[in-house]
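Predicted model only: the values in this text are computed from it and were never measured.
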Amino acid sequence: MTADSQLPPFLEPVRDSARNSNDVPFYAVYTHSERLGGSKAHCLWWPSKAADSFPKIIVLFIPGNPGLADFYEPYLTHIHNASPDSLAILGHSLLGHSPNVDPVSPIFFGLQAQVEGTIEVIDTIRNALGPSISIVLIGHSVGSWIVLQALKERADEIVGSFLLFPTISHIARTPNGERLSWLFRAPLPQILSNLSRLLRFVPRRVISLFFRDWPVEQFHILWSFINSPSAVLASLTLAHEEMLTIQELDIPLLEKIKHKLYFYLAEMDDWVGANKDTILREMADEPHSIRVKHGRHGIPHAYCISSHNAFSCRVRFRDRFSLFFFCLDHGKELADQSLQWLLDDLFSIDTPIQT
C-alpha cells in the first residue's frame with residue numbers, strides 16, 4: 001500500500017523523512033481554491049480498509065486551536081482500526097497552523113476562512129467521490145463552531161456531526177477566556193511569534209522539561225509548531241477572533257439541525273464553562289444517553305494529548321506534594337464514544353448511512 005495509490009484525487013502526498021511514506025495515516029496536502037489564496041492545509045488520511053473500492057463513509061475531522069490534525073492521530077487511528085472496512089477518515093488542519101506546509105497569508109487566518117475551507121473540503125469530497133458517499137463531521141473545541149457554521153451551509157450533505165468539548169458560545173466569558181484573552185490581543189501575537197524564533201537557540205530537551213507529562217510524539221508536534229513563527233501567529237490571531245466572534249449560541253441553527261448533532265461534554269471544562277448548561281437545555285428533548293454524552297470526572301478538554309497506552313502523569317498540589325498515577329488514554333475513550341455513535345446510531349456495519 002503506497003500513499004500515491006491510496007490517496008483520493010484531491011490530496012497530494014507529503015514526503016516526511018521522519019516516517020515511512022507508506023505508513024497509515026498518510027500525510028498529505030489539500031490545496032484550497034484561489035478564493036482562499038490557494039492556501040495549503042496539512043492533512044492526515046486513513047483510507048478505507050476495503051482496498052478494492054471507494055469508501056462509503058468519510059469522517060472529516062476539524063481540530064481545535066492550535067489546529068494541527070497531527071495531535072489527534074491516536075484518537076483517529078483508534079476509530080479507523082475499529083471501524084467498518086468501508087470507512088475512511090480525513091483530518092484537516094486549520095489554515096496556517098501547520099509548519100509542514102507553505103505559510104498561509106494572514107488574511108486567511110480567521111474564522112471565516114476556516115469555515116470556507118471546511119465547506120470547500122465537503123464539496124470536494126462530494127464531487128470527487130460521488131453522491132452516494134456519506135459524510136460525517138467531527139469537530140473539537142473551536143472546530144465544533146467551525147463545523148456548525150459549515151452545517152449552516154451544507155446540512156443536506158452531512159448525515160451526522162460530533163461536537164467534542166464544543167466552544168460554541170461566549171468563549172471570552174469562560175474561565176480560560178477570562179484568564180487568557182489578554183494574550184491574544186495586539187501586539188502580543190506578533191511579539192510572541194517573533195520570540196518563537198529564539199527557540200532555535202534553546203535545546204529541545206530544556207523545553208521538554210516543561211512538558212514532562214506529554215507523550216514524546218505529541219511533544220515533537222508541539223516543538224515543530226512553536227518553532228514556526230507563522231503558525232504561532234496564525235493560532236494566536238485565530239484565538240483573538242474567537243474571543244470576539246463566538247458570542248450568543250445560535251439556537252435557531254441548533255433547533256434546525258439537532259437531529260444531526262452529538263455532543264461530548266466534560267464535567268469540568270474551563271473553555272466551555274457555564275455555556276454547557278445552555279447546550280444541555282437546547283438538547284433536553286433528545287435521548288440523553290445517545291445525543292449528549294457526559295465525560296467522566298477528570299477527562300480534559302485537550303483529550304488528544306494522550307498516548308496510545310496508559311502513561312505516567314505527575315499531579316502537583318498547592319502544598320507541593322506530588323504523586324504519580326496512570327492516566328487513561330483519553331483519545332481512546334473519545335474514540336470509543338465516537339464509534340458508538342457511528343455504529344449504533346448512524347449506520348450499521350453492512351449498510352451505508354441513510355439521511
Side-chain angles (χ1 to χ4, degrees), residues 12-21 23 25-32 37-44 63-74 91-110 113-114 117 140-143 176 179-242 302 304-307 311 313-314 316:
E12 303 171 19
V14 170
R15 309 302 181 190
D16 186 338
S17 60
R19 68 195 303 272
N20 188 325
S21 62
D23 287 345
F26 299 123
Y27 285 17
V29 168
Y30 179 93
T31 302
H32 285 276
S39 300
K40 297 181 182 296
H42 185 251
C43 297
L44 303 182
N65 185 4
L68 299 167
D70 309 57
F71 275 135
Y72 302 85
E73 185 174 333
H92 180 278
S93 297
L94 298 185
L95 295 178
H97 289 222
S98 178
N100 300 320
V101 298
D102 297 336
V104 170
S105 169
I107 65 174
F108 302 118
F109 286 171
Q114 308 298 345
H140 172 232
S141 193
V142 72
N176 277 347
R179 281 193 292 262
L180 300 174
S181 59
W182 64 274
L183 278 172
F184 312 139
R185 301 189 194 114
L188 281 175
Q190 189 65 61
I191 292 172
L192 292 172
S193 66
N194 288 334
L195 287 175
S196 70
R197 301 176 192 276
L198 300 178
L199 288 175
R200 70 188 66 181
F201 304 110
V202 181
R204 182 186 301 194
R205 64 180 179 275
V206 173
I207 301 299
S208 69
L209 294 176
F210 296 96
F211 299 91
R212 284 178 293 178
D213 297 337
W214 283 42
V216 173
E217 299 87 350
Q218 305 285 41
F219 175 72
H220 287 166
I221 296 166
L222 176 69
W223 177 255
S224 179
F225 169 74
I226 62 177
N227 274 274
S228 170
S230 175
V232 171
L233 180 60
S235 176
L236 294 175
T237 300
L238 180 65
H240 180 57
E241 189 171 332
E242 291 174 42
C304 54
I305 308 301
S306 66
S307 66
F311 58 93
C313 298
R314 181 184 295 266
R316 298 186 182 277

Which heavy atom in Leu183 sits nearest to a heavy atom in Pro189, and how many Å separate them? O-CD, 4.0 Å

If you take all heavy atoms of Tyr72 and Pro63, which pair is closest and at what distance? CE1-CB, 3.3 Å

Residues in side-chain hydrogen bond (donor to acceptor under 3.5 Å, both in side chains) contact with Ser39, at least two apart in sequence or another chain: none

Qualifying residues under side chain to side chain contact (heavy atoms under 4.5 Å, CB included), relative to Pro187, sequence neighbours excluded: Ile191

What is the minimum heavy-atom distance between Pro103 and Ser230, and which atoms define it? CB-OG, 3.7 Å

Mind checking the CD1-CG spacing from Ile107 to Leu95? Nearest 0.5 Å is all I need. 11.0 Å

Flag side-chain contact, heavy atom, 4.5 Å: His220 against Val216: yes

Do Asp70 and Ser93 come within less than 4.5 Å of each other through their side chains, counting heavy atoms only? yes

More than 12 non-hydrogen atoms from neighbouring residues, nucleotides or ligands closer than 6.0 Å to CZ on Arg205, yes or no? no

Taking every heavy atom of Val104 against every heavy atom of Phe109, the minimum-distance pair comes out as O-CE2, 3.4 Å

Set of residues satisfying side-chain hydrogen bond (donor to acceptor under 3.5 Å, both in side chains) with respect to Ser181, sequence neighbours excluded: Arg185

Can you give me the closest heavy-atom contact between Ala234 and Gly96, atom names plus distance? CB-O, 3.4 Å

Output yes when a side-chain donor or acceptor of Glu12 lies under 3.5 Å from a complementary backbone atom of Thr31, and no otherwise. no

Non-hydrogen side-chain atoms of His97 and Leu238 separated by less than 4.5 Å: yes

Under the side chain to side chain contact (heavy atoms under 4.5 Å, CB included) test, which residues partner Gln190, sequence neighbours left out? Ser193, Asn194, Leu233

Ring pair (Phe, Tyr, Trp, His ring centres under 6.0 Å) partners for His92, two or more places apart: His32

Which distance, rounded to the nearest 0.5 Å, do you find between the NZ of Lys40 and the CG of Asn100? 13.5 Å

Holding to salt bridge (Lys or Arg N to Asp or Glu O under 4.0 Å), I want the full list of residues that pass it with Arg200, two or more places apart in sequence or in another chain. none

Once side-chain hydrogen bond (donor to acceptor under 3.5 Å, both in side chains) is applied, do any residues pair with His240, and if so which ones, sequence neighbours excluded? none

Looking at residues at least two apart in the chain, or sitting in another chain, which of them share a side-chain hydrogen bond (donor to acceptor under 3.5 Å, both in side chains) with Glu242? Asn65

Of all the heavy-atom pairs spanning Phe108 and Gly37, show the shortest one and how long it is. CZ-N, 3.4 Å

Identify, with sequence neighbours excluded, every residue that meets side chain to side chain contact (heavy atoms under 4.5 Å, CB included) alongside Ile207. Leu199, Val202, Phe211, Phe219, Trp223, Ile226

In Å and rounded to the nearest 0.5 Å, what is the OH to CG distance from Tyr27 to Leu44? 6.0 Å

